[in-house]
Student: 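If you scroll down you'll find the structure; I have some questions about it.
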Amino acid sequence: MAMAMNRIAFISSPSVYQRSSHHHGYRSSRVFMSSTIRPASAEVTNGRKPYLPPREVQLQVKYSMPPQKLEIFKSLEGWANDNLLPYLKPVEKSWQPTDFLPEPESEGFYDQVKELRERCKELSDDYFVVLIGDMITEEALPTYQTMINTLDGVRDETGASPTPWAAWTRAWTAEENRHGDLLNKYLYLSGRVDMRQIEKTIQYLIGSGMDPKTENNPYLGFIYTSFQERATFISHGNTAGLAKKLGDSKLAQICGTIAADEKRHETAYTKIVEKLFEIDPDTTVVGFADMMKKKIAMPAHLMYDGRDDNLFEHFSSVAQRLGVYTARDYADILEFLVSRWNVENLVGLSGDGHKAQDYLCKLPARIRKLEERAQGRNKEAARNIPFSWIFGREIRA
C-alpha cells in the first residue's frame, strides 16, 4: 500500500493469529499487520527516531508446509548434490565484472571511460530507467538469500552448512552478486544517472525486504524462484537487444552475459520443481496454483527512492512500454512452466489437485485476454513521470 513513507509505522495490531480456512487444511497462522500514523509525540529513545521501513506488508502467512513433508527434502539431499550443484560454475572459470569494464591500472583507463561515455550518449532516458531498475533489483541480493533461507527443509541452518541445499544457496548468491556489481559500475561510469538517488533506492529496498508469499514453504519457494529466474533471463535478454540497437555493443554483451547466468539458474530451479512433481505431484500442483492465484510478486515490488510512492509501478510501466518485461511475458512464462512440468498430463491427483491442474492450464489464455483489454486503458492513463534516478527528467509512464 503506497502512502507517505515517512508516516508509516511498522506496528502489528497487536499480532492476531487465526487458523486459515484454506482447503489444504494445514495452512499455518496468518499474521495481520496494520499501518498506523505515528503521532508527533511518539517516544524517542536517546533522542533518536526509531527506524521505520518504508514499506509495509498487510498480510503474511508462515509455515504452511506440514512437518511430515520435511523428510522429502532431507531425502533429496543426495539428488541435489548430483543434479543441482553441477549447475554452478567454478569461481576460477567464472567471469568477473572487471572483465567488461575499463581497466583502472591501465594507462588508457581515461580513454576507455571516455569511450564508454560516448557510447552511453546514444542511450535514451527510457532505457536508462529500465536498466537502473534491473540493476537495483540485482543489488537487493541480500534480501533474496534471506528469503531462500526462510524455507523449511532447505535453509542454511548455520551460515556455513555443508548440506547441498545450503551450498547451492550460498554459491547461487555468489554468482548473482556479480550482476549488480557490474551494472552498478557501468552506470556510475556512464555519467548519465544520479548515483546517489540510485544508492538510496537500493538501501530503501534492502531495508524493506520482499514478500513473495512463499510461506516458509519450499514447494512455493522453488516455484517462485523458477518463475523469477526466467523473468530476469527475459528482462536482461531484452535490455541486451535494445542496447545493441542503440549502438552500445559492450553493454549488450554485459546484459547478454547476465541473461545467460539467469537462464542457467532457471534451469536448476525448474529441475527442483520437476523432481517435486515426480515424487509429490498433488502437493506441487496445488502449490503452483496457489502461487499463481496470489500472483508472482516481483522481487523489487517494495522499491522506493524517498520521493515516489509508486516507483515500482512507474518503472514497470516503462519496462512494459519498451518491451523489456511485459504482461505477455508473464503469461508466456506461466505457459512455459506448465509445459515444462507437464502439468496437463499429471495423473493420480486429488480433487484439489485436479482443480489446480485445470486452473493452471487455462490461466495463460485468461491473462492474455486481460492484458489485451488493459492495453487501451493504459494508453489513456499514460502521463509524464519524473524519475529521480535520471535527475528528475520526465518519462512517459
Side-chain angles (χ1 to χ4, degrees), residues 16-32 57-76 79-80 147-148 150-155 165 211-231 266 269-297 330-370:
V16 179
Y17 294 87
Q18 67 180 34
R19 293 299 297 178
S20 167
S21 59
H22 196 282
H23 64 261
H24 286 177
Y26 55 76
R27 180 82 66 170
S28 76
S29 301
R30 292 178 181 270
V31 182
F32 292 85
V57 177
Q58 291 289 340
L59 173 65
Q60 298 182 60
V61 181
K62 299 190 293 184
Y63 306 112
S64 66
M65 186 177 74
Q68 61 268 28
K69 296 288 184 181
L70 287 172
E71 186 56 37
I72 289 178
F73 292 90
K74 178 66 175 175
S75 70
L76 285 176
W79 176 90
M147 186 278 284
I148 292 176
T150 68
L151 302 179
D152 292 337
V154 298
R155 66 172 58 90
W165 297 117
D211 178 32
K213 298 181 174 63
T214 49
E215 305 172 9
N216 308 99
N217 186 328
Y219 287 88
L220 306 186
F222 290 135
I223 289 164
Y224 179 86
T225 52
S226 296
F227 194 104
Q228 277 304 324
E229 291 287 11
R230 186 159 184 85
E266 173 213 318
Y269 282 118
T270 56
K271 201 172 184 70
I272 297 172
V273 180
E274 180 182 51
K275 186 65 176 178
L276 293 175
F277 268 112
E278 177 187 322
I279 62 179
D280 191 4
D282 204 67
T283 303
T284 309
V285 76
V286 170
F288 190 9
D290 183 42
M291 287 303 296
M292 298 314 303
K293 287 175 183 176
K294 293 181 293 192
K295 297 185 176 65
I296 299 291
Y330 186 95
D332 289 346
I333 293 170
L334 171 58
E335 189 170 62
F336 170 84
L337 293 176
V338 167
S339 174
R340 171 75 173 77
W341 295 326
N342 201 24
V343 172
E344 186 176 4
N345 297 315
L346 294 174
V347 295
L349 300 175
S350 67
D352 287 338
H354 280 297
K355 290 177 184 177
Q357 180 184 42
D358 184 63
Y359 170 78
L360 290 165
C361 291
K362 293 178 179 177
L363 188 56
R366 287 178 55 198
I367 293 173
R368 290 191 181 102
K369 285 182 180 179
L370 291 171

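Count residues from 1 along the sequence.
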Student: Under 4.5 Å between any side-chain heavy atoms of Trp165 and Arg155, yes or no?
Tutor: no
Student: Hey, could you give me the NZ/CG distance between Lys293 and Leu360, rounded to the nearest 0.5 Å?
Tutor: 8.0 Å
Student: Could you check whether any side-chain heavy atom of Val343 comes within less than 4.5 Å of a side-chain heavy atom of Cys361, counting everything from C-beta outward?
Tutor: yes
Student: Would the distance check show the side chain of Thr284 and the main-chain N or O of Leu276 forming a donor-acceptor pair, the cut-off being under 3.5 Å?
Tutor: yes
Student: Can you find a heavy atom in the side chain of Leu151 that is under 4.5 Å from one in the side chain of Asn217?
Tutor: no
Student: Once side chain to side chain contact (heavy atoms under 4.5 Å, CB included) is applied, do any residues pair with Leu70, and if so which ones, sequence neighbours excluded?
Tutor: Met65, Asp152
Student: Phe288 and Tyr219: aromatic ring centres closer than 6.0 Å?
Tutor: no
Student: Between Thr225 (side chain only) and Tyr269 (backbone N and O only), is there a donor and an acceptor less than 3.5 Å apart?
Tutor: no
Student: Could you tell me if the side chain of Asp290 sits less than 4.5 Å from the side chain of Ile223, heavy atoms only?
Tutor: no
Student: What pairs with Lys362 under side-chain hydrogen bond (donor to acceptor under 3.5 Å, both in side chains), at least two apart in sequence or on another chain?
Tutor: Asp358
Student: The criterion is side chain to side chain contact (heavy atoms under 4.5 Å, CB included); which residues satisfy it with Arg368, sequence neighbours excluded?
Tutor: Arg328, Ala331, Asp332, Glu335, Pro364
Student: Can you give me the closest heavy-atom contact between Ile279 and Ile72, atom names plus distance?
Tutor: CD1-CG2, 3.5 Å
Student: Nearest 0.5 angstrom please: Ile296 CD1 to Gln228 CD, how far?
Tutor: 7.0 Å
Student: Under a 3.5 Å distance rule, please check whether Lys294 uses its side chain to pair with a backbone N or O of Lys213 as donor and acceptor.
Tutor: yes
Student: Do Val286 and Lys355 come within less than 4.5 Å of each other through their side chains, counting heavy atoms only?
Tutor: no
Student: Yes or no on side chain to side chain contact (heavy atoms under 4.5 Å, CB included) for Glu344 and Gln357, after CA distance, side-chain angles and deciding distance?
Tutor: CA-CA 7 Å; Glu344 186 176 4; Gln357 180 184 42; 5.5 Å; no
Student: Check step by step if side chain to side chain contact (heavy atoms under 4.5 Å, CB included) holds for Met147 and Tyr224.
Tutor: CA-CA 11 Å; Met147 186 278 284; Tyr224 179 86; 3.9 Å; yes
Student: Go through the structure and list residues passing salt bridge (Lys or Arg N to Asp or Glu O under 4.0 Å) with Glu278, not counting sequence neighbours.
Tutor: Lys275
Student: Does a side-chain heavy-atom distance below 4.5 Å link Leu363 with Met292?
Tutor: yes
Student: Within the distance-only criterion (no hydrogens, no angle test), does the side chain of Ser339 pair as donor or acceptor with the backbone N or O of Phe336 below 3.5 angstrom?
Tutor: no
Student: Could you walk me through whether Phe227 and Thr270 pass side chain to side chain contact (heavy atoms under 4.5 Å, CB included), step by step?
Tutor: CA-CA 8 Å; Phe227 194 104; Thr270 56; over 6 Å; no
Student: Parallel, tilted or perpendicular: which one describes the rings of Trp341 and Phe277, with boundaries at 30° and 60°?
Tutor: tilted
Student: Lys74: which residues meet the salt bridge (Lys or Arg N to Asp or Glu O under 4.0 Å) condition with it, sequence neighbours left out?
Tutor: Glu77
Student: For the backbone of Ile333 and the side chain of Arg230, can you confirm whether one donor and one acceptor N or O come within less than 3.5 Å of each other?
Tutor: no
Student: Would Lys271 and Glu274 count as a side chain to side chain contact (heavy atoms under 4.5 Å, CB included) if you check the C-alpha gap in whole Å, the side-chain angles of each, and the deciding distance to 0.1 Å?
Tutor: CA-CA 5 Å; Lys271 201 172 184 70; Glu274 180 182 51; 4.0 Å; yes
Student: Could you tell me whether Lys69 and Asp280 have a side-chain N and a carboxylate O separated by less than 4.0 Å?
Tutor: yes
Student: Trp79 and Phe73: aromatic ring centres closer than 6.0 Å?
Tutor: no
Student: Taking side chain to side chain contact (heavy atoms under 4.5 Å, CB included) as the definition, give me every residue that meets it alongside Ser350, ordered by chain and number, with sequence neighbours left out.
Tutor: Asp282, Asp352
Student: How far does CG of Leu220 sit from OG of Ser64, to the nearest 0.5 angstrom?
Tutor: 5.0 Å
